[in-house]
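Read through the structure below, which is laid out as structure tokens, and then see the notes.
In this text the structure is predicted, and so the values were computed from the model without any measurement. Order of the sequence lines sets the chain letters (A, B, ...), proteins ahead of strands, with each chain counted from 1.
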Number of protein chains: 2
Amino acid sequence: MGVLQPKDGGHVEFKDNIPIYLQIKQYLYRQIITGKLKPGKKIPSVRELAVQLTVNVNTVQRALQQMNFEGILYTKRGEGNFVTEDTTLLDKTKRELINAELDKFVHSMNSLGVSDEQILKSLSEYLKKERE
Amino acid sequence: MGVLQPKDGGHVEFKDNIPIYLQIKQYLYRQIITGKLKPGKKIPSVRELAVQLTVNVNTVQRALQQMNFEGILYTKRGEGNFVTEDTTLLDKTKRELINAELDKFVHSMNSLGVSDEQILKSLSEYLKKERE
DNA sequence: TTGGCTGTAATACACCCATAATACACTATC
DNA sequence: GATAGTGTATTATGGGTGTATTACAGCCAA
């Protein structure tokens, strides 16, 4: 398990048992979705990311390759990686990610024996407690 | 990715990128928490589970060993594995699992830029759509 | 006691992931 | 052109996971 301190003061904790390169993808997707990395802008170089995340260059490269293939990034060889300017794709991606989370959550709760009605109750109680 | 059809007609889909033995643990935990496997009762043998889940015996064994160590199961060598009768532990486990799901979900949504207020809205909308 | 069920252990093999180290290819700038 | 920064490719090594196979150990009923 690694704990990292990227420039923006945020942090990324790597979970065991999930490939790091996937967690890097997730991290970057969220940076992009939330506008911390903006459309058309250059993201940190593979070597810089590797240092920030205390991870090997190859592992970063693997994540970026896939994101490039997925269209969320584009690569200019010799220059760097850039966030797509396709805001339609970005919006669509955000909606899909959120929906995937909802899906996963509801299924998990159901399989723990929590009905749909109870889910809403549990959640609002949880959020209430969290605010204290 | 494997898809299985245990006796009860349910199904377990293995996700790539997460160790199978952990998914087996999760599956069994949920069977126990929801009362499909009852306190004091024998669970299927390692070999039977291995067949049901189309997985190797060693992989099942690994999951059961950990659950035994965690106290949710106890083993009678030569007889089988049995669900603990410690209902206090079972209740506590259920609460912890649910809380962990809530925690994970809220953090995920937050990191996608969804505020606590929006989370509740999104969820109730999602549940509404799901009912159609 | 035997046979058949149970859990347990050990070995060997293959695959994926991650690292480390090195080298190469492209771009911009001085 | 040289240099520094970028992405890319290659090789070797180690660890975790999952399988397959074989063997051993305990319990129970016929």
| Does NZ in A/Lys42 sit with more than 12 non-hydrogen atoms of other residues, nucleotides or ligands closer than 6.0 Å? | yes
Please check the phosphate of [N] (OP1 and OP2 only) for any side-chain N or O of [X] closer than 4.0 Å.
X	N	result
A/Thr59	C/dT19	yes
A/Tyr21	C/dC17	yes
A/Arg62	C/dC17	yes
B/Gln65	C/dG7	no
A/Asn81	D/dG7	yes

From [atom1] of [X] over to [atom2] of [N], roughly how many Å is that when rounded to an integer?
X	N	atom1	atom2	value
A/Phe82	D/dG7	CZ	P	9 Å
A/Glu79	C/dC26	CD	P	14 Å
B/Leu49	C/dC5	CG	P	16 Å
B/Gln61	D/dG18	CD	C1'	14 Å
A/Phe69	D/dT8	CZ	C1'	18 Å
B/Leu53	D/dT17	CG	P	18 Å
A/Asn56	D/dT11	CG	C1'	13 Å
B/Lys15	D/dT17	NZ	P	18 Å

| Result of checking B/Thr75, B/Ile24, B/Thr59, B/Leu28 against B/Leu64 for side-chain contact (heavy atoms from CB on, under 4.5 Å) | B/Leu28
| Which sits closer to the 5' end of DNA chain C, A/Lys76 or A/Gln23, going by the nucleotide each is nearest to? | A/Gln23
With respect to the side chain of [X], which nucleotide from [options] is positioned closest?
X	options	answer
B/Thr75	C/dT8, C/dA25, D/dT17	C/dT8
A/Val46	D/dT21, D/dC27, D/dT8	D/dT8
A/Asn58	D/dA20, D/dG26, C/dA21	C/dA21

| task | Scan B/Asn68 against the nucleic acid and name what it touches under 4.0 Å (heavy atoms): base, sugar-phosphate only, or nothing. | result | nothing
| message | Counting the atoms with a prime plus P, OP1 and OP2 as sugar-phosphate, which does A/Arg47 contact under 4.0 Å by heavy atoms, base, sugar-phosphate, or nothing? | response | base
| How about B/Tyr74 and B/Val83: do any of their side-chain heavy atoms sit closer than 4.5 Å? | no
| message | If I take atom OH from residue B/Tyr126 and atom CD1 from residue A/Ile119, how far apart are they, to the nearest 0.5 angstrom? | response | 9.0 Å
| query | Can the positive tip of A/Lys41 be found less than 6.0 Å from the middle of the six-membered ring of A/Phe82, inside 45° of the ring normal? | reply | no
| task | Would you kindly compare A/Asn17 and A/Ser45 by the position of their nearest DNA chain D nucleotide and give the one closer to the 5′ end? | result | A/Ser45
